[in-house]
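Each chain gets a letter, A, B and so on, in the order its sequence line appears, and its residues count up from 1.
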Amino acid sequence: MARTKRYWLFKSEASAFSIDDLAAAKDETTPWDGVRNYQARNLLRDEIRKGDRVLYYHSNSRPTGVAGVARVVRDAYPDATQFDPASRYHDPRSPQDAPRWLCVDVAFVRKLPRVIELSELKANPALADMMVTRRGARLSIQPVTKAEYETVLAMV
DNA sequence: GCCAACGTTGGC
DNA sequence: GCCAACGTTGGC
């Protein structure tokens, strides 16, 4: 019996890696690397599984909001960038034999015809409990309920 | 570019 | 183990 599919919101700065960059990537797939927050790491390790759906959120962008949909295509595995001295995500304190940081692979599903902006998310009463609409919600990987996921995608 | 919020670090 | 200092995030 397969595990029930779950839903997430992944933040990415559009100038760094946008939904268009994901669509243009080889196999339309990329490692979601560079996560350097323990709470987010624990979600990757313990909760997020292949087959889960992802709201692709452009942070620090104009506009800021949900720009597309992706899906998780590989369970968590060690993030190679932590051992790469040339990477901005290099972590010299992460032990080789017990990697501190993990990543999953995500694949492009679709780009929304328009960005569902943060202001709209905040204005929708059905999304009042959604983490991204809350003040100071900086977590780059956030859990989303199925209802929230469907509500957001219906706002296009 | 500003700055509030928040996570991490490190001295004690 | 506390907590001030510091760095980063991210909306605006």
Q. What is the distance, rounded to the nearest whole Å, between atom CD of A:Gln39 and atom P of C:dT9?
A. 15 Å
Q.
Counting only side-chain heavy atoms from C-beta out, which of B:dT8, C:dG7, C:dG11 sits nearest to A:Tyr38?
A. B:dT8
Q. Is the gap between the ring centers of A:Tyr38 and A:Trp101 under 6.0 Å?
A. yes
Q) Taking NE2 from A:His58 and P from C:dC12, how many angstroms apart are they, rounded to a whole number? A) 17 Å
Q) What is the distance, rounded to the nearest whole Å, between atom CG of A:Asp91 and atom C1' of B:dT9? A) 13 Å
Q | A:Trp32 and A:Phe17 aromatic ring geometry - parallel, tilted or perpendicular at 30°/60° bounds | A | perpendicular
Q) Are A:Lys11 and C:dG10 close enough that a side-chain N or O sits under 4.0 Å from OP1 or OP2? A) yes
**Q.** Between P of C:dT9 and OH of A:Tyr57, the distance in whole Å
**A.** 15 Å
Q) A:Val115 and A:Val132: same hydrophobic cluster, using ILVMFWY side-chain contacts below 4.5 Å? A) no
Q) Is it true that A:Asp91 and A:Arg36 have a side-chain N and a carboxylate O under 4.0 angstrom from each other? A) no
Q | Length of the line joining A:Phe10:CZ and C:dG10:P, which is rounded to integer Å | A | 14 Å
(Q) Using a strict threshold of under 4.0 Å (side-chain N to carboxylate O), is an ion pair present between A:Arg134 and A:Asp129? (A) yes
Q | Integer-rounded Å distance: B:dT8 C1' and A:Arg100 CZ | A | 11 Å
Q: In whole angstrom, give the distance that lies between atom CD1 of A:Ile141 and atom C1' of B:dG7.
A: 16 Å
**Q.** Interface with DNA chain C, restricted to residues 116-135 of chain A and to heavy atoms under 4.0 Å
**A.** A:Leu118, A:Lys122
Q: Keeping the roles fixed (side chain from A:His58, backbone from A:Ile19), state whether a donor-acceptor pair exists under 3.5 Å.
A: yes
Q. What pairs with A:Asp105 under side-chain hydrogen bond (donor to acceptor under 3.5 Å, both in side chains), at least two apart in sequence or on another chain?
A. A:Tyr77
Q.
Categorize A:Arg93 for me: base, sugar-phosphate, or nothing, with a 4.0 angstrom heavy-atom threshold over every strand shown.
A. sugar-phosphate
Q: Can you tell me the distance, in whole Å, between the OH atom of A:Tyr89 and the P atom of C:dG7?
A: 19 Å
Q.
If you assign A:Asn37 and A:Asn60 each to the DNA chain B nucleotide with the nearest heavy atom, which residue ends up on the more 5' nucleotide?
A. A:Asn60
